Each structure stands twice: as structure tokens, then as C-alpha cells.
There are 2 protein chains.
Amino acid sequence: MKTIQSDNYPIYFENSLTELAKFVKEGKYSRSFILTDEHTAVHCLPLVQAQFDGDENFDIIEVNAGEESKTIDFCIGIWKMLIDFEADRKSLLINLGGGVITDMGGFAASTFKRGIDFVHVPTTLLSQVDASVGGKTGIDLDNIKNIIGTFTQPKAVFIDAAFLNTLPARQILSGTAEMLKHGLITDAAYWDALKNSDLSKPTDELIHWSVEIKNKVVIEDPTEKGIRKALNFGHTVGHAVETNSLVNDKHPLTHGEAIALGMICEAYLSHKKTGLSNGELAEIVKVIGDLYPKYNLAETNFETLCSIMLKDKKNQNGKINCTLLTSIGQCSLDNICTDAELCESLSYYASL
Amino acid sequence: MKTIQSDNYPIYFENSLTELAKFVKEGKYSRSFILTDEHTAVHCLPLVQAQFDGDENFDIIEVNAGEESKTIDFCIGIWKMLIDFEADRKSLLINLGGGVITDMGGFAASTFKRGIDFVHVPTTLLSQVDASVGGKTGIDLDNIKNIIGTFTQPKAVFIDAAFLNTLPARQILSGTAEMLKHGLITDAAYWDALKNSDLSKPTDELIHWSVEIKNKVVIEDPTEKGIRKALNFGHTVGHAVETNSLVNDKHPLTHGEAIALGMICEAYLSHKKTGLSNGELAEIVKVIGDLYPKYNLAETNFETLCSIMLKDKKNQNGKINCTLLTSIGQCSLDNICTDAELCESLSYYASL
């Protein structure tokens with residue numbers, strides 16, 4: 001599969017770990033650091049280390065797995081480790097893990113000594129199809145997702161489907177939601193291909209296709225002034241539900257589960273406001289409903305969810321701004337939705 | 001005096017606060033925030049507020065004055081205030097204060113929601129001639145100065161000499177050191193002009209000249225790969241002495257006092273290594289020595305100082321890299337100095 005050229009950096013799909021070893025060697029970095037969590041340290045780090053011939057000296061920085069770690073406290077921990085290990089401006093940070101690792105590692109690197117090089121080796125489906133493109137780095141603060149961050153591109157991304165073999169089914173499905181979104185917003189053919197595939201194990205080709213779609217959108221609009229907002233489909237409601245679940249649920253929703261729910265709500269709004277047909281709404285509800293378990297959305301939470309949406313960094317002037325669909329494969333940007341409309345969409349989901 | 005055009009933003013010198021009011025009005029920001037410390041809140045904020053006709057609604061974020069505040073904890077405080085005040089991506093942060101406020105405010109703004117607009121209203125001589133140009137934002141961590149930060153340009157800078165009237169003499173002299181540096185590294189005529197001026201109250205013209213010099217250097221080399229390193233003259237030793245003083249002295253050195261000391265040490269190294277003449281070394285020592293009180297450098301501290309220099313973000317591969325002078329007004333980049341040489345330069349200072 002072809003290497004994808006993103007905003008001044010390559011995304012490798014073939015022999016990716018060999019390419020990583022080559023990149024590190026040729027980069028002549030003074031030091032290399034690998035950021036992992038306790039899962040990737042066991043399942044993925046050995047695969048990476050096997051690529052190096054022993055000449056290379058890596059320091060490992062390990063953080064706890066999970067969104068709970070994506071905080072300024074853990075980020076300070078990473079900065080302090082870099083200081084202790086005497087990282088200089090010619091050091092490299094290799095982010096080996098899912099979205100938490102790539103987002104937080106990207107932020108830590110982009111701000112350490114005003115920016116050192118970093119690369120991503122995304123090890124979850126979600127981070128492969130989503131976090132690897134777009135140059136967004138970030139951490140959470142006060143339970144608001146990615147409220148602190150930068151736009152900084154990695155120097156390269158290395159995608160290896162082998163990492164997915166160690167992933168639980170629920171984590172695979174977390175990534176599938178973003179793939180479905182890519183089809184819904186820009187490419188009906190991709191949506192159809194996904195619909196007819198076994199999404200418990202997406203093929204390399206489907207992953208590549210997804211990255212290609214996201215990359216095209218992002219390159220056209222690096223700072224999210226226009227078409228990139230398409231990627232927010234499902235995320236206005238989804239992010240709020242995810243944030244709320246993270247705080248209140250014993251077993252919080254995954255990102256993909258929250259976005260899947262959000263896409264159903266926002267497809268409903270699309271039907272109401274931007275002309276998505278009844279048949280297409282039903283198709284979206286069916287495909288998503290077959291893949292993801294139903295989440296229990298209590299009506300008493302609706303107000304809280306709306307107030308979280310207002311704090312979302314995408315929203316301005318106290319208005320909630322949604323990306324909606326006009327049909328499958330076509331989207332409409334900048335649709336202001338009222339609290340009442342958003343509550344109605346949450347009720348719709350709850351009634352399914 | 002002419003507005004200076006920096007990297008995509010203007011630096012105003014005439015009617016600056018009127019220009020600020022115009023900028024805010026024309027920027028159509030959803031919200032404006034003013035970051036101050038307890039000194040600028042009293043001495044400077046009223047001058048700014050007097051420019052606005054009451055239609056404008058500002059939220060004030062106040063932090064403690066002093067380098068001790070330039071920490072991630074205070075930065076988190078700023079982020080949380082922005083969240084509480086519901087700042088969105090179309091918000092503006094006005095940094096009203098010295099280098100601590102402009103550096104930390106710039107960092108907080110450049111990372112809040114992946115970057116909101118900010119402007120600087122520098123109120124100390126040091127921040128007017130130094131922090132207002134170059135796009136460096138930063139905070140300290142583990143007592144290492146500016147170890148965390150970004151390269152992000154403000155949208156505009158507003159320099160008003162009226163603010164300097166409220167400044168203690170010692171704070172004026174803290175800025176003078178950077179002005180002297182600008183002369184030493186690039187412009188013998190400017191050095192001569194400074195030498196023959198009353199530097200306890202630098203004229204507007206001298207401030208403008210200094211900003212012009214720094215701006216020229218920075219525009220030529222925005223990411224510090226080449227000529228911008230010239231600005232590090234005096235800072236290898238100076239930063240280390242400043243860091244050490246901040247931790248250990250009851251009344252720590254100001255930035256300028258530390259840099260003045262550093263310039264004497266590095267002028268000595270320039271004489272030893274890059275051909276600065278004996279006469280020019282003596283002239284530099286005399287001019288700086290007449291302006292700044294002698295600091296008591298204990299020999300027992302020399303090793304600590306060298307280890308701080310090694311951690312400086314400018315240094316790579318365990319080598320200490322200095323900008324030195326070949327003559328007054330001419331510099332030489334990338335001179336590796338050994339611990340022994342640096343200790344010798346510290347001894348030279350101590351022996352004066």
C-alpha cells in the first residue's frame with residue numbers, strides 16, 4: 001500500500017517498523033525516547049525494539065494506560081523525565097500507543113524546549129485512522145477533552161496492522177466509528193464498502209482508505225476554518241456524552257462508542273435540518289445499531305450534556321455549531337443547533 | 001517613530017494604547033481577557049482601561065508578580081480561568097506586564113484550545129526590547145527557565161514608554177542589559193550611542209533602535225538555526241547564574257543583572273577564543289561594571305553553574321555552545337566551550 005504524504009510528513013503502511021528504524025538512524029538524533037503505556041510496553045514495544053540492532057539507545061517513558069492519564073500531571077511527568085534524561089533539542093520522542101499516547105506525547109514534545117521532533121507509531125485502530133493525521137496534539141483539563149494542545153505535525157507516522165492483533169474487540173470498534181464517519185461525510189462508496197465488510201477485523205485496505213480521506217480533508221484546511229469541520233460530524237454530541245461518561249460511569253464509553261451514539265443523534269438532526277432522507281437515516285441507525293451496544297441515556301442528563309457542548313472548543317459565542325449530513329457521503333458545515341434540538345436528538349436516540 | 005513590521009504582526013510605538021483599543025474593536029473578538037500581575041493591575045491597567053469607552057467588556061486575570069509565578073501551576077490557573085469565563089477560540093488574551101506575563105500569557109494562549117489570539121503590552125524595559133519580538137513563549141519547570149514553551153507570534157505588540165515611568169531603577173537596568181547586547185552582537189554604532197547616553201532613562205529612540213535590531217535578527221532566522229543564536233550572547237553563563245540565584249539568593253539577581261555578568265564572562269571567552277581585543281574587552285567590562293553592582297560569585301558554585309549550563313535547551317550532545325564576539329558589533333556563533341574554560345571565565349569575573 002502506498003505511503004501517504006500528509007502535511008510535510010509521510011505515513012507509512014508497508015514495512016512500517018523497518019521504516020521507523022531507518023528514520024531513527026538517518027535522523028541522527030542525539031537521543032531517542034519511546035513513550036508507552038503499560039499495555040503497549042508489553043504488546044508493542046518488543047516489536048519495535050526487535051527492529052533495532054542494539055546500537056540504538058532508547059530511554060523508555062511509561063505512563064498509565066487510559067484517558068484518565070491524559071492530564072497535565074502526566075504531561076509534567078513526561079517533561080520531567082525528558083529533563084532528567086537530559087533530552088536536548090535534537091532529541092526524538094517516539095509515541096507508541098493509542099490516541100492518549102499520541103495526543104499527549106505530541107503535546108509534550110511540541111512544547112518541550114519549544115518543540116522537539118516526534119513521530120507516532122499508533123497501535124490502536126482509532127489512533128491509526130484518526131490521531132495519525134491532522135497535527136492535533138492535546139491533553140484534557142477539568143475533564144474537558146483536548147482543551148489544551150497545539151497544532152504540530154509529527155515528522156512521520158508508522159502504521160502497522162500487526163499491532164491490531166493484540167487489541168480487544170471493543171477497542172477495534174472504537175476505531176471503526178471514525179472510519180464510518182469518514183464514509184458518511186465524504187464518500188458513499190467507502191461507506192458501502194464498510195457496510196459490506198466484517199468490521200470486527202478491518203482490512204489494511206480499509207484502514208488506508210480511511211487515512212486517505214482524513215488526510216485529504218486536513219490538507220485542504222489545516223487550521224479548521226472550513227472543510228475540516230466535516231470531521232466533527234458526530235462529535236458535538238459524542239464528545240459531550242464521552243466526557244460525561246468518563247466522569248460518571250463505572251465503565252465509561254470508548255471514544256468510538258460515544259461517537260457512534262453522536263452520529264445517530266446528528267444524523268437525526270441532519271434529517272430534521274439539512275435534508276438527510278428518512279431511508280438514509282434508517283440505514284445509518286441500522287449499521288451503527290448492529291455494531292454498538294445501546295447506551296442508557298437518562299433524560300435527567302440532557303441539560304448537563306448541553307452545557308458540556310457549550311464548553312466544547314469548537315463552539316463560539318454561546319452557540320452550538322454542528323456538522324450535519326445532506327446525504328450519505330455529503331455534509332453541511334456550520335449548522336447552529338438549539339438546546340431544544342439537541343435534546344430532541346438525544347431523546348430520539350433514547351427511544352430507539 | 002515608525003511602526004516596526006515583525007513576522008506578520010506590527011509593533012506600535014506611537015499612540016500605542018489608542019492603537020490597542022482600535023485593534024480590539026476591529027478584531028471582533030467574542031471575549032477579551034487582560035492578564036496582569038498585582039503591580040501592573042495598579043500601575044498600568046487603568047491606563048489601558050481609559051482607552052476603552054465602556055462598551056468593551058474585559059475579564060481580568062491576575063497572577064502574582066515575579067519569576068516565581070512563571071510556573072505550570074500559574075499557567076494551569078490561567079487556563080482554568082479561561083475555561084470558567086467560557087473563553088472560546090475567538091477570544092483574545094492581552095498580556096499586560098513584563099516578561100513573565102508576556103512569556104506565560106503567550107504560552108497559555110498558544111495552547112488554549114490549540115491556540116487563541118494574543119497581543120503583548122510590555123510594561124518593563126526588558127519586555128519591550130526583548131520579549132516583544134521573536135515569538136518565544138514559555139514557562140519554567142524545575143527552576144529551568146523557559147524549558148516549556150512554543151514559538152508563536154502575537155497578533156500585535158503595543159509599546160508605550162509611559163509605562164516605564166512607574167518602574168524602579170533596578171528594573172530599568174534589567175532591560176538595559178539586552179540593549180547593550182544588541183549593540184555588542186551586531187551594531188557598534190548602537191553600542192556607542194548607548195555608551196554615551198544616560199541609561200537610567202533610555203530614550204524612546206534607543207528603545208526603537210533595539211527592537212529594530214532584534215527584529216531584523218529574528219526575521220532572518222525564526223527558529224534559531226543560525227544568526228538568531230547571536231542573541232544568546234551573555235546568556236549561557238547569564239541564564240545559569242540567574243537560575244542559581246533564583247534558587248539560592250534571598251534577593252535574586254534580575255535577568256539583566258545576570259546577563260550583564262554573563263556578558264562579561266563571555267566577552268572574556270571571546271578574548272580568549274575568537275579574537276576580541278584586549279581594549280574592547282576592557283571597554284565592555286568598564287561600561288557594564290559602571291552600570292551594574294558586582295555579584296559575589298563563589299568558586300564552590302562553579303560546578304553547579306556548569307551543570308545548569310548543560311541542561312540549557314540551547315545545548316546539545318552534552319556540549320556547551322556559546323555565542324562569542326570577534327569585535328564589538330560582530331559575533332561568532334557555535335563556539336564549543338569546555339567546563340574548564342567556563343570556570344575560567346567565572347574566575348575572571350570574580351577577580352574583577
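Quick caveat: nothing in here was measured; it's all calculated off a predicted structure. Chain letters run A, B, ... following the sequence lines, proteins first and then strands; every chain starts at 1.
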Between A/Ser91 and chain B, with a heavy-atom cut-off of 4.5 Å, which part of the residue counts as in contact: side chain, backbone, both or neither? neither
Tell me, side chain or backbone of B/Ile148 under 4.5 Å from chain A's heavy atoms, or both, or neither? both
Measuring heavy-atom distances to chain A, does B/Ser110 have an atom under 4.5 Å in its side chain, in its backbone, in both, or in neither? backbone
Once rounded to the nearest 0.5 Å, what's the spacing between atom OG1 of B/Thr150 and atom CZ of A/Phe107? 9.0 Å
Just how far is it from atom OG1 of A/Thr152 to atom CZ of B/Phe151, taken to the nearest 0.5 Å? 12.0 Å
Quick check on the structure: residues of residues 76-85 of chain A within a heavy-atom distance below 4.5 Å of chain B, by number. A/Ile76, A/Trp79, A/Lys80, A/Ile83
Taking A/Arg114 for the side chain and B/Gly138 for the main chain, is one N or O donor matched with an acceptor at less than 3.5 Å? no
Please step through side chain to side chain contact (heavy atoms under 4.5 Å, CB included) for the pair A/Leu310 and B/Glu86, ending with a clear verdict. CA-CA 9 Å; A/Leu310 259 180; B/Glu86 300 186 347; 5.8 Å; no
